[in-house]
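I have placed the structure first, in the form of structure tokens, so that the comments after it can refer back to it.
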Amino acid sequence: MTTPYYLSFQDEAQAIEVLYTTVSEVTDSEGNIIVEASVTPNYQNISIMGIVYEPAPEPLPEDYVPVPYPAPNFGVNVLVLDSEDPAPIEQYAVQPSPYPQRVWAS
């Protein structure tokens, strides 16, 4: 069983801080550096949408400039598996209406 979460972060940096674990050095048992930097996702299914924009008017004017929704406005969808802990992302959850969402294939 899986649960979809539609998330809205202040910006990309905040999303990365919450969704990924960064280790600056990994050493072996003798203290030798094996990896200088490592970034590991905290969830198996992460879909980054990025900045979300308001729907464009129709008909579209030639001089139209996309308008982003106000912050927090960095969209990410996470499909949380039963073996994963959703607690760290629950405070960023939004109800996607009209916030765009991606549909996960089953």
Side-chain angles (χ1 to χ4, degrees):
M1 187 72 180
T2 58
T3 305
Y5 280 81
Y6 309 106
L7 310 174
S8 184
F9 294 96
Q10 195 68 29
D11 53 28
E12 183 179 15
Q14 183 183 44
I16 290 170
E17 182 180 323
V18 172
L19 299 172
Y20 297 88
T21 299
T22 303
V23 177
S24 48
E25 268 185 14
V26 177
T27 58
D28 62 15
S29 60
E30 297 174 3
N32 300 313
I33 297 174
I34 299 171
V35 178
E36 289 187 23
S38 171
V39 177
T40 305
N42 296 331
Y43 301 92
Q44 186 173 340
N45 299 297
I46 298 173
S47 177
I48 296 175
M49 296 172 60
I51 296 173
V52 180
Y53 293 86
E54 294 184 15
E58 293 200 18
L60 188 65
E62 285 185 31
D63 61 346
Y64 175 72
V65 176
V67 178
Y69 281 108
N73 178 23
F74 191 83
V76 178
N77 293 340
V78 177
L79 189 62
V80 177
L81 304 176
D82 284 344
S83 60
E84 298 172 331
D85 180 13
I89 62 172
E90 287 177 339
Q91 66 179 322
Y92 304 100
V94 294
Q95 210 44 292
S97 178
Y99 199 82
Q101 61 178 309
R102 293 197 175 135
V103 178
W104 299 91
S106 52

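Heavy atoms only: backbone and side chains are in, while hydrogens, waters and symmetry mates are out.
With sequence neighbours excluded, the residues that form a ring pair (Phe, Tyr, Trp, His ring centres under 6.0 Å) with Tyr92 are Phe9. With sequence neighbours excluded, no residue forms a side-chain contact (heavy atoms from CB on, under 4.5 Å) with Gln91. Partners of Pro66 under the side-chain contact (heavy atoms from CB on, under 4.5 Å) rule, at least two apart in sequence or in another chain, are Tyr53, Tyr64. In this structure Asp63 satisfies the side chain to side chain donor-acceptor pair (under 3.5 Å) test with no other residue, sequence neighbours excluded. Listed by chain and number, the residues in a side-chain contact (heavy atoms from CB on, under 4.5 Å) with Asp11 are Ala13, Gln14 (sequence neighbours excluded).
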Side-chain donor/acceptor pairs under 3.5 Å, residues 78-90, sequence neighbours excluded:
unit_1, atom_1, unit_2, atom_2, d
Asp82, OD2, Met1, N, 3.2
Glu84, OE1, Leu81, N, 2.9
Glu84, OE2, Gln44, N, 2.7
Asp85, OD1, Ala87, N, 3.0
Glu90, OE2, Tyr5, OH, 3.3

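Taking each heavy atom of Ser8 and Pro72 in turn, the nearest pair found is OG-O, 2.9 Å. Residues Pro41 and Tyr20 approach most closely at CA-CD2, 3.4 Å, considering heavy atoms. Contact record, Pro68 with Asn73: CB-ND2, 3.7 Å, taken as the closest heavy-atom pair.
Atom CD of Gln10 sits about 12.0 Å away from atom CZ of Phe74, to the nearest 0.5 Å.
With contacts defined as side-chain heavy-atom distances shorter than 4.5 Å, the pair Leu19/Leu7 qualifies.
Between the side chain of Asn42 and the main chain of Val18, a donor-acceptor pair closer than 3.5 Å is present.
When the side chains of ILVMFWY residues are joined at heavy-atom separations under 4.5 Å, either directly or via intervening members, Val39 and Ile16 end up in a single hydrophobic cluster.
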